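All values derive from a computational prediction rather than experimental measurement. Note on naming: letters A, B, ... go to the chains in the order of the sequence lines (proteins, then strands), and numbering restarts at 1 for each one. Side chains included, hydrogens not; waters and symmetry mates left out as well; all remaining heavy atoms used.
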Amino acid sequence: MSDENTNPSDERTGHGSRGFEGVDLDEVVLDDTAEGNQGLFDDLLSGEPIFENKEVLRPSYTPHELPHRKEQINRMATILVAALRGETPSNILIYGKTGTGKTASAKFVSQELERTSLKYEVPCEVEYINCEVTDTQYRVLAQLANKFIENNQIEIGERISELQDIRDGVAAESDQLENTEFSSLNAIEDRISELEADADEMEAVPMTGWPTDRVYNTFFEAVDYQERVVVIMLDEIDKLVEKSGDDTLYNLSRMNSELENSRVSIMGISNDLKFTDFLDPRVKSSLGEEEIVFPPYDANQLRDILQHRADVAFKADALSDDVIPLCAAFAAQEHGDARRALDLLRTAGELAERDQKERVEEGHVRKAQDKIELDRVVEVVRTLPTQSKLVLFSTISLEKNGVHNINTGEVYNVYKHLCEEIDADILTQRRVTDLISELDMLGIVNAVVVSKGRYGRTKEISISVPIDETEAVLQSDSRLSDIDDIQPFMQQARFDS
DNA sequence: TTTCCACCGGAAGATGTGGGAG
DNA sequence: CTCCCACATCTTCCGGTGGAAA
């Protein structure tokens, strides 16, 4: 209820780092400095609410209808029906930029698949793994193993109680045995204890501690325990390959030749069209048996999508006519990111709500644009590790002292003084270079390697977020707050370099 | 043309944490 | 308790380099 603004939202838009000029700070930043307390909620409650159902605008919501994705969904379904015939579906690779509906479509198809498999009693399971979170071979295998173990145990449990029912029935009427596959009461008892033993044997994989091959074996046995087709959905698969190579994929794709009862099929989802370049050719060919591309939405399609959801999300007449086209246009500029468009729409609605307006106007969308970006930056900076914060702080200090085209050496000098000041460990310059690169990847700074000829080669760093706000966020960290005037060693640092 | 700066960035390995198994 | 494993974070070492200056 109380998250009506500043929810960070799991938005991650590459290098969004353009102008902040028009940000109205009082409106946007740190709203814990709320206006008076008197009747705070009364006011908000009495305001004519704009939303009917905000949930459908959230990124976590999986719609039942995905406009403009019929073609891709049908392709996926065509490939995956094989599973319902008990055959192994081809492995699928799905490409597309963020917010093109890859994950939503894939999840939709897998839900349908599982639903249908229940209907026709064909054992078929889909497991979803997000490789951005689960980004090592060990963790992927462990997570899969645990899921299958859990499922197996549930099923064994059901089977046992089924058998117990039969046993009890048989015990009561001793001539019913011929209706079952068992020859005697004892046989049933034996089967029950067998199953119980199986269930006991399945040991959950710990987060860490085991050798990887043991995890693999556990996973393998858990999958092979019963006859079925298993689809493993690896979202953001490029992150996994980037971080820990293609061993995982290799192991998964060769599993089929050793499995006896079950079949696995891999469905990889990637943002990066070229990530297969780093793969072992064998993995590459097996993984990319089928490829589906999700092109970015254009402005018209985005408008459609927004309209669909807005009908549900907003009260009738809560949107002025130009709101949806504007959201669509903004998002179309961001490589057709639908998630972005929905975020924009939701945030615009929230802003209008906060303004006690009855309609969302164009201006709210423009404000939302800035707010989303600022919220993202604030959140990223706030959750930075201390060392990175120190590096960023050093860079900002230099910038504020009129040093432009800052280079690594300068940052490092300031950083060293800063560390002494607050009694933090001083990292090596090598490490600081890496931290700067990380800040670059997060879109907080912009670092380019330039050669200054005789005067060496270095990264030229500039800040690509609003400086004062960022500094404020940094200073709200308790460990950085007691940095007082940096002027004294600012001078010093310049002599050093 | 050659030199040489001031760093880049890969590789390997150390350290520390959190968790096994016997 | 000892030894093993995975992993994040950081250090050590070092070869590599674009281009202004000599």
Side-chain angles (χ1 to χ4, degrees), chain A residues 129-146 149 200-222 236 239-252 277-278 380 383-395 398 403-420 422-442 444-462 477 479 492-497:
Chain A
I129 291 208
N130 185 335
C131 300
E132 197 174 21
V133 190
T134 313
D135 59 356
T136 64
Q137 182 176 17
Y138 185 98
R139 290 207 266 255
V140 169
L141 292 177
Q143 199 173 319
L144 285 170
N146 285 336
I149 287 170
D200 284 348
E201 234 172 69
M202 291 182 196
E203 188 187 357
V205 179
M207 288 182 24
T208 170
W210 285 7
T212 306
D213 57 340
R214 180 169 170 195
V215 181
Y216 176 80
N217 289 332
T218 311
F219 163 59
F220 187 95
E221 274 159 33
E236 320 249 347
K239 297 273 160 47
L240 176 67
V241 175
E242 196 180 292
K243 270 213 66 185
S244 45
D246 51 11
D247 292 3
T248 320
L249 299 178
Y250 179 72
N251 285 332
L252 287 178
D277 293 358
F278 310 111
V380 168
T383 54
L384 241 31
T386 311
Q387 291 291 351
S388 298
K389 284 184 179 170
L390 285 166
V391 172
L392 181 58
F393 197 96
S394 311
T395 319
L398 281 160
V403 188
H404 299 294
N405 302 333
I406 310 160
N407 58 43
T408 312
E410 288 166 338
V411 172
Y412 190 63
N413 284 328
V414 178
Y415 162 84
K416 270 193 295 193
H417 285 102
L418 222 50
C419 284
E420 276 165 28
I422 67 164
D423 205 23
D425 293 342
I426 301 176
L427 302 181
T428 51
Q429 182 159 335
R430 178 70 187 81
R431 180 63 187 146
V432 170
T433 314
D434 280 347
L435 293 181
I436 292 172
S437 301
E438 279 166 30
L439 291 174
D440 182 28
M441 297 237 271
L442 289 167
I444 298 174
V445 303
N446 205 323
V448 194
V449 252
V450 292
S451 176
K452 300 191 172 180
R454 191 69 180 211
Y455 304 109
R457 222 159 98 83
T458 182
K459 275 200 171 83
E460 211 159 69
I461 307 156
S462 58
D477 185 312
R479 285 155 299 186
Q492 178 85 42
R494 256 187 260 172
F495 284 126
D496 287 356
S497 59

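Rounded to whole Å, the distance from CE on A/Met207 to C1' on B/dT17 is 11 Å. With rounding to whole Å, A/Tyr138 atom OH is found 8 Å from C/dC7 atom P. Spacing between atom CG of A/Asn407 and atom C1' of C/dG18 amounts to 15 Å, rounded to whole angstrom units. If you measure from atom CD of A/Gln429 to atom P of C/dC14, you get 17 Å, rounded to the nearest angstrom. For the pair A/Asp425 CG and C/dT11 C1', the interatomic distance rounds to 13 Å; values are reported in whole Å. Nucleotide C/dC5 holds its C1' atom 10 Å from the CG atom of A/Asp213, rounded to whole Å. Regarding A/Gln137, its CD atom lies at a distance of 9 Å from the P atom of C/dC7, rounded to whole Å. In this structure, A/Arg457 places its CZ atom 20 Å from P of C/dC14, rounding to the nearest Å.
Under 4.0 angstrom from either OP1 or OP2 of C/dT11 there lies at least one side-chain N or O belonging to A/Thr428. The shortest distance between the side-chain N/O atoms of A/Thr433 and the OP1/OP2 oxygens of B/dC8 is below 4.0 Å. OP1 or OP2 of B/dA21 sits under 4.0 Å from a side-chain N or O of A/Arg214. Residue A/Lys243 places at least one side-chain N or O closer than 4.0 Å to OP1 or OP2 of C/dA8. Residue A/Thr212 has a polar side-chain atom (N or O) positioned under 4.0 Å from OP1 or OP2 of C/dA6.
Within 3.5 Å, a donor on the side chain of A/Arg430 pairs with an acceptor on the base of B/dG9, or the reverse. The base of C/dG18 does not come close enough to the side chain of A/Arg454 for any donor and acceptor atom to sit less than 3.5 Å apart. Counting atom types as modelled, A/Arg431 pairs no side-chain N or O with a base atom of C/dT9 as donor and acceptor under 3.5 Å.
Taking the six-membered ring where tryptophan is involved, the planes of A/Tyr412 and A/Tyr415 are essentially parallel, since the angle between them stays under 30° and well short of 60°.
Among the nucleotides B/dC8, C/dC10, C/dT17, the one closest to the side chain of A/Gln387 is C/dC10. The side chain of A/Leu427 has C/dC10 as its nearest neighbour among B/dG19, C/dC10, B/dC8. Across B/dG9, C/dA21, C/dT11, the shortest atom-to-atom separation from the side chain of A/Tyr455 is found for C/dA21. If you check B/dG9, B/dG20, B/dC8 against the side chain of A/Pro206, the one that comes closest is B/dG20. When distances are taken from the side chain of A/Asp135 to each of B/dT3, C/dA8, B/dC8, the shortest belongs to C/dA8.
Counting non-hydrogen atoms of other residues, nucleotides and ligands closer than 6.0 Å to CG of A/Asp200 gives a total above 12. Counted within 6.0 Å of CG on A/Asp423, heavy atoms from surrounding residues, nucleotides or ligands total 12 or fewer; the atom is thus considered open.
Using a 4.0 Å heavy-atom distance criterion, A/Ile426 is classed as a sugar-phosphate-only contact. Using a 4.0 Å heavy-atom distance criterion, A/Glu203 is classed as a sugar-phosphate-only contact. Heavy atoms of A/Thr208 sit under 4.0 angstrom from at least one base atom.
Mapping A/Lys452 and A/Lys459 onto DNA chain B by nearest heavy atom places A/Lys452 at the nucleotide closer to the 5' end. Position along DNA chain C of the nearest nucleotide to A/Asp434 versus A/Trp210 favours A/Trp210 as the more 5'-ward residue.
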Task: side-chain contact (heavy atoms from CB on, under 4.5 Å) between A/Gln387 and A/Leu390, intermediate numbers included - done: CA-CA 5 Å; A/Gln387 291 291 351; A/Leu390 285 166; 3.9 Å; yes

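At distances below 3.5 Å, at least one donor-acceptor pair connects side-chain atoms of A/Ser244 with backbone N or O atoms of A/Asp135. Side chain of A/Asn446 to main chain of A/Ser462: no donor-acceptor pair is present (N/O by atom type, distance under 3.5 Å, no hydrogens or angles).
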